[in-house]
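So that the names make sense, note that chain A is the first sequence line, chain B the second, and so on, each numbered from 1.
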Amino acid sequence: MSLRIVVCVKYVPDAAGDRSFADDLTVDREDADGLLSELDEYAVEQALQIADDADDAEITVLTVGPEDAKDALRKALSMGADKAVHVEDDDLHGTDAVGTSLVLAKAIEKTGYDLVVCGMASTDGTMGVLPAMLAERLGVPQVTLLSEVSVEDGTVKGRRDGDAATERLEARLPAVVSVTDQSGEARYPSFKGIMAAKKKPVESLDLGDLDIDTDEVGLEGAWTAVDAVAERPARTQGTIVKDEGEGGKQLAAYLAEQKFV
Amino acid sequence: MAEVLVYVDHVDGAVRKPTLELLTLARRIGEPVALALGAGAEATAATLGEHGAVRVLTADAPEFADYLVVPKVDALKAAYDSVSPAAVLLPSSGEAKEIAARLAVRIGSGLITDAVDLEAGADGPVATQSAFAAAYTTKSRVSKGTPVITVKPNSAPVEPSAAAGTVEPLAVSFGNTATGTKVVSREPRESSGRPELTEAAIVVSGGRGVNGAENFAIIEALADSLGAAVGASRAAVDAGWYPHSNQVGQTGKSVSPQLYIASGISGAIQHRAGMQTSKTIVAINKDAEAPIFDLVDFGIVGDLFTVVPQLTDEVKTRKG
Ligand SMILES: Cc1cc2nc3c(=O)[nH]c(=O)nc-3n(C[C@H](O)[C@H](O)[C@H](O)COP(=O)(O)OP(=O)(O)OC[C@H]3O[C@@H](n4cnc5c(N)ncnc54)[C@H](O)[C@@H]3O)c2cc1C
Ligand SMILES: Nc1ncnc2c1ncn2[C@@H]1O[C@H](COP(=O)(O)O)[C@@H](O)[C@H]1O
C-alpha cells in the first residue's frame, strides 16, 4: 500500500529583508517578500528521501496561509512533491499556534496520512511547537527534532540530539515527525522539476471545508494576544580599533575596564 | 494566593539554573508549586524550597525515561488538575517547549514560548518576547484558558526566598499515547567541564574564520582564561569543527550573557538571532565591513590568530 506523506510547509517573510508588524500587531505578510521557510525545505527533502526508499509513496505538501503562500507550495512541488493542499480563508488572519494546529490537524485528517513531516520551527514565529501540537491533536506518536530519519516496515526511526543526550527513537506509523537543519542539505529544484510543478494539482480548502468555526481561529479567536510591539533600539556602535600589533592588549584593557577581568 | 505551577528541569536531583529563574518569575504572579519528574525528583525539594516553592510534587516511573515527551505531559496534566494553577511555567528547552505545547492543546489554553520577562498584569501574566532576530520586543498574554508560558534562560535573577518545599507524591496514570515513541537508546553528552552555554556569564564563539577544528583550541584557551562557555557559528558547526550542541543562533542555542566575544564570525541575521541580546558584545574580525561590527561595544579589525592569543595571554597576566 502506498505510503501517504503530508509535509507541512510555511510561507514566511524573508529573514534577509525587513520584517515588521502590521497595525493590528500581527506579522506583516503584505509588505514583506515571502518564501518557503528554509527550515521546511529540510522537511520536504527528508520526505522525498523517505519516499525514494519506499516501494510506493505519495507526498502532499500542506500550507495554511494567505494567497501568496502558493509560492511555498510551488517550490515544494518543484523539489519533487506530488500534490499540494492550500488552506486559505480570510478568517484565518491572525491565527496563533494553537489555532493553526487545529486547522493543520483537520486538513491532515481530510487528506489522509501515514506520516506527517514538519520542519523544526518556522523562521518567523520560531516557536517549534506545531509538530508536538499536531501529534497531540491527531493522537499519534511524535518523533521530533530529528537530525536523522528513516521509515521501514511501518516503523519510523530517528536520532534526536537533545541538550543532555543523543537519543535513538522509534514509533509505529502513523506518526508526526519534525526534522532539524542537521538532517541534510535540501536539494535545489531542477528545471524539469520547476516545469513539472506547474502541472501538479493544488487543492484549495477553506474553513467550511474543514468544519472549523470561525470563532476558533483568526485574531479574535486567538488563544494569545499581543498588546504591544516595540522596535528594539539599534545598538549604538562602540569603539572599533584596527589591530596594529596591540589589538589583543587593547581588548584586554577594555574587558578589565568593564570588570570582566 | 493563587498557585503557579513550575515544571522543574533537573539532572538526577540537581536543579538547573533556568528553573530557579522560573521560581523568581512565578513569585511575581503567585505562590510557586513545583513539579519534578524522574530519578532524583525528591532530591530537588531542598533547593526548590530555598527558592520559593511552597510544595514540590514528585513522580517517578520508568515511562519518563523510556518514552518521548508524552509521559511527562500526562504527569503535568495530573499536576495541573490537582493544583488548578493561575499559570504554568516551563523552561524554554526543546523538550519542555513540546511538553508545554501538548499541555496547552490538552487543556484548551493559549501558549507563549521563549518569554524573556514576565510580570503580573490586570488580565493575567504579561510576557515580554523578542521577535525577528531580536529586532523587536513584544508584550503578550494568554487570552484563553490558563496561561502556559515557556521562559528562556537568563531572563530573571535567581533569588533565594525560603518556603516550605514540602514533598508531595503525585499520582500519575499514563494514557494510551504515552508509550507511542520509544527511546531505544540514550547517549549522554560528554561534559566539557566548561559552563553551560545558555547559562554562562561569558560566551566566547568562533566561526568560519577559525578555519579548522584544531584551531578551536585558540577559542577554548580564551574561554578558559575568562571562565567562559564556548560557542560556534553554524558555518563552523557545518564544517565539522565544533559540535552542534555549541551552535549559537536561530537553529542553535540562544544566549544572553553579560559578555559575548565573536571571533571570525560575520554576524549573519540567523547568528544575531541567538546572541543579539547579550549585554556587552565584542568582535574580532579581519573584515572591517563585517555586519557583526554594527552590534559591538568594542571591536578589533584584525587577524584572530594574532589578536586572540594576545588577548588570552593578557587576561591571564592581569588575573595573575
Ligand atoms: C534557516 C537558517 C538557519 C540558520 N541558523 C544559524 C544559526 O543558528 N547560527 C549561525 O551561526 N548561523 C545560522 N545560519 C547560517 C548563517 O546564515 C551564516 O551562514 C553563518 O552564521 C555564517 O557563519 P560565520 O559567520 O562563521 O561564517 P562567514 O559568514 O563565512 O564569516 C566568517 C567571518 O570570519 C572572518 N575571518 C576569516 N578569517 C579570519 C581571521 N583569520 N581573523 C579574523 N576574522 C576572520 C571573515 O572576515 C568573515 O567575516 C542559518 C541559516 C539559515 C538559512
Ligand atoms: N501555517 C503553517 N502551514 C503549514 N505548516 C506550518 C505552518 N506553521 C507551522 N507549520 C509547520 O510546523 C513547523 C513548526 O512551526 P512553529 O511551531 O510555528 O515554529 C514548521 O516548520 C512547519 O513544518
Side-chain angles (χ1 to χ4, degrees), chain A residues 15-16 19 21 39 96-98 101 120 123 126-129 132-133 136-137 139-145 161-171 180-182 222-232 235 237-243 247-249 251-252 254-256 258 260-261, chain B residues 11 68-69 93-95 97-98 101-102 104-106 109-113 132 134-145 177 180-189 202 226 244 250-251 259 269-270 280 282 293-302 307-308 310-311 314-315 318-319:
Chain A
R19 293 181 292 181
F21 290 87
L39 293 174
D96 67 356
V98 174
S101 73
M120 64 186 286
T123 57
T126 66
M127 294 180 78
V129 296
M133 286 180 171
E136 177 72 28
R137 289 198 186 272
V140 303
Q142 73 166 75
V143 198
T144 45
L145 297 174
D161 297 321
D163 282 344
T166 288
E167 295 166 328
R168 299 236 163 232
L169 306 175
E170 234 177 77
T180 72
D181 60 341
Q182 297 289 300
W223 275 258
T224 47
V226 178
D227 292 328
V229 169
E231 211 163 340
R232 179 187 292 277
R235 289 186 83 102
Q237 197 183 51
T239 314
I240 297 189
V241 177
K242 190 164 163 20
D243 178 35
K249 288 186 182 163
L251 194 42
Y254 172 78
L255 295 183
Q258 301 293 316
F260 289 115
V261 180
Chain B
V11 183
L68 193 72
V69 174
S93 66
E95 183 186 54
K97 270 164 66 161
E98 294 187 328
R102 297 188 71 128
V105 167
R106 208 174 276 189
S109 287
L111 170 69
I112 288 176
T113 56
F132 299 147
Y136 289 83
T137 50
T138 63
K139 300 258 184 210
S140 46
R141 73 197 144 77
V142 167
S143 47
K144 280 190 194 170
T177 58
T181 308
K182 194 163 174 37
V183 179
V184 183
S185 70
R186 176 179 290 115
E187 229 180 280
R189 194 170 300 297
I202 304 179
L226 291 163
H244 179 253
Q250 186 186 322
T251 54
L259 172 64
I269 183 84
Q270 295 90 354
T280 298
V282 164
F293 284 126
D294 296 342
L295 303 181
V296 299
D297 296 286
F298 199 91
I300 301 281
V301 181
V307 176
V308 173
Q310 190 181 70
L311 170 60
E314 188 67 19
V315 168
R318 282 173 183 264
K319 283 196 168 174

| task | For the pair S143(B) (side chain) and A222(A) (backbone), establish whether a donor and an acceptor sit closer than 3.5 Å, ignoring hydrogens and angles. | result |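 Yes; judged by distance alone, with no hydrogens or angles, the pair exists.
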
| Q250(B) side chain to Q270(B) backbone, donor-acceptor under 3.5 Å |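 Flag not set: sc Q250(B) to bb Q270(B) has no pair under 3.5 Å.
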
May I ask you to test the [X]-[Y] pair for a side-chain heavy-atom distance under 4.5 Å?
X       : Y       : value
R232(A) : Y136(B) : no
L39(A)  : T251(B) : yes
W223(A) : V142(B) : no

Could you look at [X] and say if it's the side chain, the backbone, both or neither that has a heavy atom under 4.5 Å from chain B?
X       : answer
M120(A) : side chain
F260(A) : both
T166(A) : both
A97(A)  : neither
D96(A)  : neither

Please classify the contact between [X] and chain A as side chain, backbone, both or neither, with a heavy-atom cut-off of under 4.5 Å.
X       : value
T137(B) : both
V282(B) : side chain
E98(B)  : both
L226(B) : side chain
V69(B)  : side chain
I300(B) : both
T280(B) : both
L111(B) : both

Quick one: do [X] and [Y] make a salt bridge, cutoff under 4.0 Å?
X       : Y       : result
D227(A) : R141(B) : yes
R189(B) : D163(A) : no
K182(B) : E170(A) : no

Between [options], which shows the greatest number of heavy-atom pairs under 4.5 Å with chain B?
options                   : answer
A225(A), G238(A), G128(A) : A225(A)
K242(A), Q182(A), Q258(A) : Q182(A)
V98(A), T144(A), D161(A)  : T144(A)
A16(A), A230(A), G247(A)  : A230(A)
T180(A), L145(A), T126(A) : L145(A)
G139(A), A252(A), A15(A)  : A252(A)

| task | Taking atom types as modelled, find out whether Q142(A) and T181(B) have a side-chain donor-acceptor pair closer than 3.5 angstrom. | result |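 Per modelled atom types, Q142(A) and T181(B) side chains form no pair under 3.5 Å.
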
| task | Would you please name every residue forming a salt bridge (Lys or Arg N to Asp or Glu O under 4.0 Å) with R168(A), sequence neighbours left out? | result | E148(A)

| task | For E136(A), enumerate each residue passing the salt bridge (Lys or Arg N to Asp or Glu O under 4.0 Å) test, keeping only those at least two apart in sequence or located in another chain. | result |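 Salt bridge (Lys or Arg N to Asp or Glu O under 4.0 Å) list for E136(A), sorted by chain: R102(B), R106(B).
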
